[in-house]
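All ligand and atom numbering here is 1-based and tracks the order in the structure. Residue numbers count from 1 along this sequence.
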Amino acid sequence: MNFEFGAKRRDPYAWLEQSLVTIHRADWYRSVQPINGRPGATVVLAGQEVINFASNDYLGLAGDERLMAAATAAIAEFGTGSTGSRLLSGHRELHRELEEAIASTKHTEDALVFSSGYLANLGAITALVGKRDLILSDQYNHSSLKNGAILSGAAVVEYPHCDVEVLKTQLSQQRQNYRRCIILTDTVFSMDGDLCPLPALFDLADEFSCMLLVDEAHATGVLGKTGTGCVEHFGYTGKQLIQIGTLSKALGSLGGYVAGSSALIDFLRNRAPSWIYTTGLSPADTAAALAAIKIVQQEPQHRAQLWGNIHYLKTLLQHLPNLKLLPSESPILCFQLLNATDALKAGKQLRDAGIFAPAIRPPTVPTSRIRISVMATHKIAHIEKLVSVLKDVI
Ligand SMILES: *Cc1c(COP(=O)(O)O)cnc(C)c1O
């Protein structure tokens with residue numbers, strides 16, 4: 001076919017509309033909804049006050065006066081933008097302070113702050129492995145791990161969710177064909193709420209001489225005796241690991257980090273493209289994250305409150321046997337629905353009753369579900385209201 005002189009030239013963008021029609025037809029269509037005011041246990045969503053079970057702000061720090069004060073003070077002192085990449089004009093003492101605070105709480109030799117958790121994963125994975133290497137990745141890993149794996153050019157093999165037996169078989173069959181190997185896993189799975197089998201993964205990594213990269217995005221500030229994450233929860237603090245996390249969930253700010261050995265961090269500063277070629281984290285975000293880390297360390301009561309709420313909700317949910325709850329050891333609780341249409345309907349019913357707990361559908365997850373995330377700042381009444389509404393929905 002001659003494109004230039006064809007009788008009728010086709011619109012090269014027409015497929016966009018057609019794709020949107022297909023997305024709508026499958027009930028996969030998504031759009032944004034505005035939230036007004038400060039984040040919290042209740043929010044005003046598109047004009048309606050709702051109890052918020054949709055937030056990653058597990059400790060309620062995103063609306064904390066002290067984080068806001070730290071951010072405004074940083075703006076007053078350093079302005080709004082970092083003005084350049086960290087290696088050129090974008091580095092501030094504040095960044096280093098934050099990195100030292102992360103390394104100190106995580107008991108790692110060093111840490112590196114990225115502009116988001118997503119970029120931390122892309123940067124670390126692409127720097128650590130390439131064409132001659134192998135990646136083994138949990139099937140339910142976060143998009144940033146999956147896309148980091150693809151972008152790295154390494155051979156990618158997914159293992160069934162948390163299945164260490166299959167992982168072991170894959171390693172014994174394939175490890176010897178590659179130079180370096182890395183195992184990638186979420187520690188708290190973001191759309192399920194369960195934990196990775198860290199001890200078994202650590203042993204396999206050791207046995208097959210693989211690096212192990214764990215994504216603590218939903219565990220930071222939430223799990224472990226001092227709130228540093230799932231690694232601490234399993235007693236693996238101090239072990240050789242690559243730990244990724246975010247500053248944007250329980251820490252209430254924006255940004256991501258990698259924590260690990262000095263050699264790892266030094267290497268990433270020289271080789272991670274999503275750190276080298278992007279603007280340094282803004283002073284406000286950096287200062288807010290630093291304030292949050294101090295609060296997590298000094299005020300364990302927020303974490304205790306969060307876990308109290310999780311246990312209370314789980315106890316109440318036991319009385320709803322029709323609810324297909326997925327296994328969870330985190331503030332993320334999901335119940336499964338037959339299909340996207342049912343999930344959307346349940347989400348809408350909850351919303352009409354004043355509960356914000358969104359439907360999560362493919363392609364984000366393989367099976368449709370309602371996802372509830374618990375916060376430290378939820379009141380008993382909020383949790384009881386959720387359960388009474390759920391009773392009607394199912
Ligand atoms: C949210 C999330 C990220 C991305 O973190 P951001 O800082 O929001 O970019 C990465 N990994 C996991 C597992 C997440 O849940």
Under 3.5 Å, is there a donor-acceptor pair linking the side chains of Asp192 and His161?
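Asp192 vs His161: no donor-acceptor pair found between side chains.
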I'd like to know if the side chain of Tyr58 pairs up with that of His302 as donor and acceptor (distance under 3.5 Å, no hydrogens or angles considered).
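Distance-only check fails for Tyr58 and His302.
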Numbered atoms and elements of ligand 1 in range of [X], under 4.0 angstrom, heavy atoms:
| X | result |
| --- | --- |
| Ser144 | 10 (C), 11 (N) |
| Thr246 | 5 (O), 6 (P), 7 (O) |
| Asp186 | 13 (C) |
| Ala217 | 2 (C), 11 (N), 12 (C), 13 (C), 14 (C), 15 (O) |

Heavy-atom pair with the smallest gap, counting every atom of Leu213 and Ala124:
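Closest pair (atom of Leu213, atom of Ala124, distance): CD1-CB, 4.2 Å.
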So, for Met191 and Ile360, which heavy atoms are closest and what is the spacing to 0.1 Å?
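In this case the closest contact between Met191 and Ile360 is SD-CG2, 3.7 Å.
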Which is closest to atom 12 (C) of ligand 1 by heavy-atom distance: Val214, Asn141, Asp215?
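Shortest heavy-atom distance from atom 12 (C) of ligand 1: Asp215.
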Salt bridge flag under 4.0 Å for residues Glu99 and Arg86
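A salt bridge is present here (some side-chain N lies under 4.0 Å from a carboxylate O).
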Flag the pair Arg96 and Glu93 as a salt bridge only when some basic side-chain nitrogen lies within less than 4.0 angstrom of an acidic carboxylate oxygen.
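Salt bridge: no.
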Heavy-atom nearest neighbour in the protein, as seen from [atom], with distance rounded to 0.1 Å:
| atom | value |
| --- | --- |
| atom 6 (P) of ligand 1 | Gly117 N, 3.4 Å |
| atom 9 (O) of ligand 1 | Tyr118 N, 2.9 Å |
| atom 1 (C) of ligand 1 | Lys249 NZ, 1.4 Å |

Does the ring centre of His382 sit less than 6.0 Å away from the ring centre of Phe53?
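No.
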Within less than 4.0 angstrom of ligand 1, does Gly255 place any heavy atom?
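Per 4.0 Å heavy-atom rule, Gly255 contacts ligand 1.
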Is the closest heavy-atom distance from Ser248 to ligand 1 below 4.0 Å?
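Yes, Ser248 has a heavy atom closer than 4.0 Å to ligand 1.
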